[in-house]
Amino acid sequence: MTETAHADPPLIAGEAVSFDGDGRPTLIGSECADCQARAFPPVALCPECMGGDIRKLALGRRGRLYSYSTVHVAPRGWTVPYIAGYVDLPEGVRVFTHVVEAEDAELAMEMELELTTAALGSDGDGTAFSSYAFRPRRLERADA
């Protein structure tokens, strides 16, 4: 895993995403050495015990859809409508994210999703930006 996040268009997720040698994204969270609480995005201070002994933690690329909603009104520059949702990762972390490559009607609670990146809109100058997102895990990508 590399520490440098790279995507086209540019990624707005900062240090919360890194890419492996094959260009696949990985979410970077944190874990408290004192109480083992995990968080995403990474934190400097544990939200559970207020401990400061925090280490970075690579999170899994697959998770289960906890809930979602279709968003029709968003900040200027964001592409609408889009699906926003929460995804539960195996490490016990719940991630707020865009759900892409899916229609509202095909989504179901607890369905398996996989991590990707996606273009989400553009800034005030018209420059496109992207971030991490999750998409339904399809059989043809089962080994991805």
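Because only heavy atoms are used, hydrogens play no part in the values below, and waters and symmetry mates are left out as well, while side chains stay in.
- Going from atom CD1 of I28 over to atom CG of L57 covers 8.0 Å, rounded to the nearest 0.5 Å.
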- Task: For the pair F19 and T117, evaluate side-chain contact (heavy atoms from CB on, under 4.5 Å) and give the outcome as yes or no after the intermediate values.
- Result: CA-CA 11 Å; F19 292 84; T117 59; 4.0 Å; yes
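- Across all non-hydrogen atoms, the minimal contact from T70 to D104 is OG1-OD2, 3.1 Å.
- When atom types are taken as modelled, the side chain of E110 and the backbone of R64 share no donor-acceptor pair closer than 3.5 angstrom.
- Partners of S131 under the side chain to side chain contact (heavy atoms under 4.5 Å, CB included) rule, at least two apart in sequence or in another chain, are I12, A13, L120.
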Let me have the donor-acceptor pairs involving side chains of residues 81-89, under 3.5 Å, with sequence neighbours excluded, atom names and distances please.
{"residue": "D88", "atom": "OD1", "partner": "R94", "partner atom": "NE", "Å": "2.6"}
{"residue": "D88", "atom": "OD1", "partner": "R94", "partner atom": "NH2", "Å": "3.4"}
{"residue": "D88", "atom": "OD2", "partner": "R94", "partner atom": "NH2", "Å": "3.2"}

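- Surrounding CD of E106 are more than 12 heavy atoms belonging to other residues, nucleotides or ligands, all under 6.0 Å away.
- No side-chain donor-acceptor contact under 3.5 Å links D125 to the backbone of T127.
- Residue M109 places its CE atom among more than 12 non-hydrogen atoms of other residues, nucleotides or ligands, all under 6.0 Å distant.
- Atom OG1 of residue T97 and atom CG of residue L113 lie 8.5 Å apart, to the nearest 0.5 angstrom.
- Taking 4.5 Å as the limit, every side-chain heavy atom of E31 sits out of range of all side-chain heavy atoms of V93.
- Two residues are said to be in side-chain contact when any heavy atoms from C-beta on lie closer than 4.5 Å; F134 and V100 fail this criterion.
- Smallest separation of non-hydrogen atoms from F96 and Y132: O-OH, 3.1 Å.
- Under a 3.5 Å cut-off, the side chain of D22 and the backbone N or O of R24 do not form any donor-acceptor pair.
- Counting only distance, with no hydrogens or angles, the side chain of R38 and the backbone of E91 share a donor-acceptor pair below 3.5 Å.
- Side-chain atoms of C32 and C49, non-hydrogen and from C-beta on, do get closer than 4.5 Å to each other.
- For residues 44-80, every residue pair satisfying the ring-ring contact (aromatic ring centres under 6.0 Å, His included) rule, not counting sequence neighbours, is listed here: W78-H98, W78-F129.
- The two residues G52 and D34 come nearest to each other via the heavy atoms N-OD2, 4.5 Å.
- Smallest separation of non-hydrogen atoms from P25 and V17: CB-CG1, 4.0 Å.
- Inspection of the S30 and R55 side chains reveals no N or O donor paired with an N or O acceptor under 3.5 Å.
- Within the 4.5 Å cutoff, the side chain of L107 has heavy atoms near those of the L65 side chain.
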- Given the rule in the side-chain contact (heavy atoms from CB on, under 4.5 Å) test, do R137 and E114 qualify, once you have shown the distances and angles that lead to the verdict? CA-CA 5 Å; R137 185 165 179 252; E114 64 185 359; 3.9 Å; yes
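- A heavy-atom distance below 4.5 Å is not found between the side chains of L59 and T26.
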